[in-house]
Structures are given as structure tokens and as C-alpha cells.
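Read the structure below first, then the notes.
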Amino acid sequence: MEKKVFTMDQLAELDNITIMHLAAPIIIASVLIEWYVGVKKKRNYYEKKDFMAALGIGAGSAIVGASLKIVFFTASMMIYNAVPWAIPRSWWGFVVGFIAVDFLRYWAHRISHEQRLWWATHVTHHSSEKMNFAISLRTSWTAPIKFLFFLPVPFLGFDPFTFFVCHQLAVLYQFWVHTELIRKLPAPFEYIFVTPSHHRVHHGSNPKYIDKNYGSTFIFWDRMFGTFQKEEEKPTYGLTTPVSSYNPFYLVFHEWVDIFKDLRYARSLREAWDILFKPPGTVVTANQRERDARTTQETETIDVAPTLHVAATAVPADLELEERLSQPENRRVG
């Protein structure tokens with residue numbers, strides 16, 4: 001069977017296989033139901049400013065994604081057309097293609113936690129201290145550069161449309177795992193697929209939960225590569241160093257700004273490389289060490305008001321004042 005070659009004239013066909021618009025009503029309904037249940041049960045799943053930030057970030061992500069659609073299609077088409085082999089567009093071809101996409105999503109996600117450059121494309125998603133369906137919208141506007149991780153898909157012989165559909169399905173699957181409404185599911189499902197329980201762990205900043213459960217659809221990648229952690233105590237969501245802003249631009253770009261600031265003080269190409277590709281939080285430059293030392297010193301500096309020492313012959317009222325000021329809750333901590 002002769003291999004079909006794709007051209008840019010077929011770009012319009014992408015609109016016919018886009019399924020996001022079909023999922024939109026389900027997504028909206030799920031958010032409303034989750035919010036209503038949270039209000040009724042007083043669980044406080046949503047916070048207004050946090051939710052508005054998620055909407056703003058999600059809208060920006062949609063615009064960026066639509067703008068880059070031609071670029072991604074062109075790149076995958078050129079690679080697919082260049083290789084001499086092809087995987088037929090069949091039911092089994094879609095299954096194998098989906099597994100391949102999910103495998104690469106695991107590694108793209110994992111590297112996004114292990115290297116600071118890629119963490120800058122992902123930190124936005126972890127900046128909320130809530131866990132709800134709207135968190136799935138918090139995708140950084142710079143995340144599309146991770147398309148580089150998926151170039152092996154067309155190289156393996158999957159045509160651009162198969163790739164496009166498989167990636168859409170993987171992205172949509174991620175929506176429903178961002179919630180506290182759904183607790184543990186039957187053991188066989190929990191063993192194979194990513195569930196809300198698994199993904200709550202991933203969003204936890206608890207020491208035992210950090211950098212665990214990277215899987216997108218299948219959790220067995222984490223079991224295979226040693227990054228699985230089951231949900232035990234309730235996760236504390238958000239970053240280990242919380243952000244205090246709800247501004248979408250700050251949430252998307254603050255880590256990029258910090259990276260460029262650190263690069264200014266790099267004294268060699270090796271230091272610049274380490275700043276970009278060592279794990280987030282790694283101290284590389286002398287300027288970083290000095291800054292961290294200042295931060296630690298400021299944190300540990302505690303100004304305790306001195307206890308009043310009153311002679312035994314003092315007026316009883318003064319004795320009462322001394323006792324009151326000596327209590328911990330009345331000391332000033334700076």
C-alpha cells in the first residue's frame with residue numbers, strides 16, 4: 001500500500017476533527033456542579049480570584065494554541081512525509097498512537113519538573129492552592145514549546161491527523177482528574193489509569209508527594225519508572241514557595257523573569273547551562289547563594305520583646321503587667 005503524503009491544503013480538515021467544542025458543555029457543567037456541591041457541603045472548592053485567574057490563563061492558552069496550530073501541523077506533516085514508513089490509520093493505529101503520545105506526555109511532564117527551563121513552562125499549573133476542575137485550565141502560555149517532546153510521534157509514522165486526535169484525547173482526559181469530588185475508584189482502574197486520587201498527590205506540596213505521579217492517562221508509567229505515590233494524608237496544594245498574585249501575566253511569566261535575572265549573574269556557559277537545566281531551586285551562582293543567605297537570615301531573625309524584670313517590692317499592677325507581657329502570644333515576632 002502506497003503511503004499517503006499530506007499537504008498544507010489539508011489543514012482545514014483539522015477543524016473537522018476538533019473535539020474540544022463538543023467537550024466544552026461538559027466542562028462548564030462539571031465546573032458548575034462542583035462549585036454547587038462545594039457550596040452545599042461548605043468545602044470551599046473555589047475561590048473567586050483564583051477561579052478568575054484560571055479563566056484568564058485558560059483563555060490565553062486557547063489563543064496561543066489556535067495561533068500555533070499551523071506551525072505544529074506543518075512540523076508534524078514534514079516529518080511524517082519525510083520518513084519512508086507509515087502506520088495505517090486504523091483502530092489499532094489509534095490505540096498504538098495514543099499509547100505513544102501518553103508515553104511522551106509522561107516524560108515531557110517529568111522533565112518539566114526536573115529541569116528549570118521546562119519548569120517555567122509548567123509552574124503556572126501548580127500555582128493554585130485549590131484543587132478543582134478549573135485548575136485544568138491553568139496551562140502556561142509558553143507550554144506549547146514542549147511540542148518538541150512529541151516530534152517522535154510523526155517520526156514513528158503516525159500521520160498528523162492521528163497525532164492531533166490522540167493528543168486532544170489525552171488533554172481532555174486530564175480535565176476530570178482535577179477534583180476532590182471523586183475519591184478512590186475501583187482498584188483495577190486505579191492500577192492502570194490516572195485518577196483524581198493520583199493527580200491530587202501530584203499537585204501536593206507535601207514532601208512525600210513532590211515530583212510524583214506524572215502520568216497523563218496511564219499511571220503504569222509511574223509504576224514502571226519509580227515515580228508512583230499513592231494518596232495517603234490530604235495533600236497541601238500549591239508551590240513550596242507560594243505565589244501571592246492572581247495576575248495571569250505574573251503567574252505565567254514570574255519564573256521566566258527569575259531565570260533571566262539569574263542568567264545575568266552567570267559567570268560561565270556552564271553556570272548558564274546549570275541555571276536552565278538543573279532542577280528548580282538548585283543554587284548555581286554566587287549571587288543565588290548570597291540571595292538565599294539573606295532570605296534565610298531575614299526569616300530566622302526574630303525580635304522578641306524583652307520581659308520586664310520587676311523587683312519584689314513593685315506595685316502589684318506592675319507585677320501583673322510583667323506576667324502578661326511574658327506570655328508567648330504577647331511577644332512581637334519580626
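Under the 3.5 Å distance criterion, with hydrogens and angles disregarded, a donor-acceptor pair is assigned to the side chains of D211 and H113. In this structure, a donor-acceptor pair under 3.5 Å is present between the side chains of H199 and H203. A side-chain donor from one of E190 and T195 sits under 3.5 Å from a side-chain acceptor of the other. Side-chain contact, T227 with Y106: a donor N or O sits under 3.5 Å from an acceptor N or O. There is a side-chain donor-acceptor pair under 3.5 Å between H125 and H178. With hydrogens and angles left out, the side-chain atoms of Y265 and E271 include no donor and acceptor closer than 3.5 Å.
You'll find the side chain of I27 stays beyond 4.5 Å of the side chain of F133, heavy atoms only. Counting only heavy atoms from C-beta outward, the side chains of L104 and P152 approach each other to under 4.5 Å. Within the 4.5 Å cutoff, the side chain of Y209 has heavy atoms near those of the E232 side chain. Using a 4.5 Å heavy-atom threshold, the side chains of H167 and F98 count as separate. P279 is not listed as a side-chain neighbour of E114, based on a closest heavy-atom distance of 4.5 Å or more. Annotation: side chain of W256 is in contact with side chain of T121 (closest heavy-atom distance under 4.5 Å).
Other residues, nucleotides and ligands contribute at most 12 non-hydrogen atoms within 6.0 Å of the CG atom of L269.
What you find for R138 and A53 is that their closest heavy atoms are NH1-CB, 4.2 Å.
In this structure, H202 has its ring center at least 6.0 angstrom away from the ring center of H198. In summary, the aromatic rings of F158 and F163 are positioned with their centroids too far apart to meet the 6.0 Å limit.
Under the 30°/60° scheme for interplanar angles, the aromatic rings of F161 and F6 are found to be tilted. Using bins of under 30°, 30° to 60° and over 60° for the plane-to-plane angle, the ring pair F103/W221 lands in the perpendicular bin. Ring geometry for F253 against F249 counts as parallel: the plane angle stays under 30°, on a 0 to 90° scale with 60° as the upper cut.
K40 is linked by a side chain to side chain contact (heavy atoms under 4.5 Å, CB included) to Y36, counting only residues two or more places apart in sequence or in another chain.
For D222 (side chain) and Y214 (main-chain N/O), a donor-acceptor pair under 3.5 Å exists by modelled atom type.
Clustering of Ile, Leu, Val, Met, Phe, Trp and Tyr by side-chain heavy atoms under 4.5 Å joins Y237 with M131.
Just one of D262, T282, D274 meets the side-chain hydrogen bond (donor to acceptor under 3.5 Å, both in side chains) condition when paired with R116; it is D262.
Among pairs with a residue in residues 59-85, those fulfilling side chain to side chain donor-acceptor pair (under 3.5 Å) read D15-K69, at least two apart in sequence or across chains.
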